[in-house]
Amino acid sequence: ALEMDYYFPWISRDDIHRECYEMVAYDMGVRYYLGRDALPSEARLLGHSFGIYGAGGHYDFESEWEGYQGTFFNAGVDWKYSWPLAHGALHMEFELGLGIIYSDAQPYDCFVEYGDLFRRPSERKIIRWYGPTRAQLTLCIPFYRKPLARRRNAR
């Protein structure tokens with residue numbers, strides 16, 4: 001199975017612009033479900049699966065008039081378990097992943113609300129993280145394609 005995600009979370013507290021978090025990210029992965037090939041389509045996306053994934057994006061995290069802007073890249077392997085809910089109309093998925101996150105961040109200061117950002121050119125923060133990079137609990141609505149009925153050749 002092929003998976004693709006797009007994230008654009010934006011969180012802001014308006015009490016004098018104290019905190020603001022913005023991120024744009026793309027995520028793509030390939031997944032293999034164990035022992036599901038012979039099952040009907042409704043059961044193929046359930047049970048244990050393993051995958052590889054890669055992600056990347058940009059972020060801007062600000063708190064108390066200073067923050068970091070940067071880019072990040074993430075890659076790793078993961079395990080997922082899926083089970084049906086509501087007679088198969090929904091799936092609940094639990095996922096854990098291990099990998100690496102690399103980020104290049106530039107610190108900045110902001111002195112006026114919604115004003116210009118003043119970067120600190122002498123400072124730069126490189127972040128490398130090896131370990132758990134993904135943990136999620138997801139409620140999914142599965143979509144199935146009904147197989148086409150086979151036509152019998154009339155003789």
Side-chain angles (χ1 to χ4, degrees), residues 1-37 41 43-86 88-145:
L2 180 65
E3 303 174 334
M4 292 186 288
D5 294 315
Y6 170 74
Y7 307 99
F8 183 66
W10 173 267
I11 301 169
S12 178
R13 288 181 46 199
D14 287 333
D15 53 341
I16 313 175
H17 199 61
R18 294 178 66 96
E19 294 179 2
C20 182
Y21 307 107
E22 177 183 1
M23 181 171 60
V24 176
Y26 302 92
D27 187 341
M28 185 177 214
V30 178
R31 175 160 308 287
Y32 176 74
Y33 287 85
L34 300 175
R36 299 304 203 180
D37 295 337
S41 63
R44 287 187 187 161
L45 300 179
L46 297 173
H48 296 278
S49 64
F50 292 95
I52 58 173
Y53 62 90
H58 304 278
Y59 60 86
D60 182 354
F61 300 148
E62 181 181 331
S63 180
E64 300 292 333
W65 303 98
E66 58 184 28
Y68 285 93
Q69 286 182 337
T71 59
F72 74 93
F73 301 97
N74 176 10
V77 296
D78 67 358
W79 163 82
K80 182 189 283 188
Y81 184 76
S82 305
W83 62 94
L85 296 174
L90 299 171
H91 289 179
M92 182 64 74
E93 299 179 345
F94 176 70
E95 184 174 2
L96 291 173
L98 297 172
I100 180 174
I101 296 175
Y102 174 83
S103 176
D104 183 3
Q106 177 71 52
Y108 67 84
D109 295 302
C110 183
F111 300 107
V112 179
E113 186 172 0
Y114 302 109
D116 292 334
L117 304 179
F118 296 94
R119 298 185 189 282
R120 300 181 214 150
S122 61
E123 295 180 42
R124 190 172 175 188
K125 191 170 186 177
I126 303 292
I127 301 166
R128 288 182 190 91
W129 167 263
Y130 302 93
T133 57
R134 177 177 283 199
Q136 64 186 35
L137 184 63
T138 310
L139 181 64
C140 297
I141 301 172
F143 294 98
Y144 302 108
R145 181 179 63 110

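Atom NZ in K80 sits 11.0 Å away from atom CG in L46 (nearest 0.5 Å). One finds the CD atom of E93 at 10.5 Å from the CG atom of L85 (value rounded to the nearest 0.5 Å). With rounding to the nearest 0.5 Å, the separation of CD in E62 from CG in D109 is 9.5 Å. Atom CZ in R31 sits 10.5 Å away from atom CD1 in I52 (nearest 0.5 Å).
Of all heavy-atom pairs between Y108 and F61, the closest is OH-O, 4.0 Å. Of all heavy-atom pairs spanning A105 and P107, the tightest one is O-CD, 3.9 Å.
For H58, the ring-ring contact (aromatic ring centres under 6.0 Å, His included) criterion is met by no residue, not counting sequence neighbours. Take L2 and apply the side-chain contact (heavy atoms from CB on, under 4.5 Å) test, not counting sequence neighbours, and it matches M28, V30. Applying the ring-ring contact (aromatic ring centres under 6.0 Å, His included) criterion to Y6, with sequence neighbours excluded, gives Y26. The side-chain contact (heavy atoms from CB on, under 4.5 Å) test applied to L45 returns Y33, H91, not counting sequence neighbours. When the side chain to side chain donor-acceptor pair (under 3.5 Å) test is applied to Y59, the partners found at least two apart in sequence or on another chain are S103. Residues that satisfy the side chain to side chain donor-acceptor pair (under 3.5 Å) test with E123, not counting sequence neighbours, are R120. N74 pairs by the side chain to side chain donor-acceptor pair (under 3.5 Å) definition with nothing, not counting sequence neighbours. For E22, there are no salt bridge (Lys or Arg N to Asp or Glu O under 4.0 Å) partners two or more places apart in sequence or in a different chain. Qualifying side chain to side chain donor-acceptor pair (under 3.5 Å) partners for Y7, counting only residues two or more places apart in sequence or in other chains: D5. Applying the ring-ring contact (aromatic ring centres under 6.0 Å, His included) rule to Y81 yields the partners H48, W83; only residues at least two apart in sequence or on another chain are considered.
F50 has its side chain out of reach of Y32: every pair of non-hydrogen atoms, C-beta onward, lies at least 4.5 Å apart. Between R124 and I126 there is a side-chain heavy-atom pair separated by less than 4.5 Å.
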Pairs under 3.5 angstrom only: tabulate donor-acceptor contacts from the side chains of residues 130-142 to other protein residues two or more places apart or in another chain.
{"unit_1": "T133", "atom_1": "OG1", "unit_2": "Y53", "atom_2": "OH", "d": "2.3"}
{"unit_1": "R134", "atom_1": "NH1", "unit_2": "D78", "atom_2": "OD2", "d": "3.4"}
{"unit_1": "R134", "atom_1": "NH1", "unit_2": "E95", "atom_2": "OE2", "d": "3.1"}
{"unit_1": "R134", "atom_1": "NH2", "unit_2": "D27", "atom_2": "OD1", "d": "3.2"}
{"unit_1": "R134", "atom_1": "NH2", "unit_2": "D27", "atom_2": "OD2", "d": "2.4"}
{"unit_1": "Q136", "atom_1": "NE2", "unit_2": "E95", "atom_2": "OE1", "d": "2.8"}

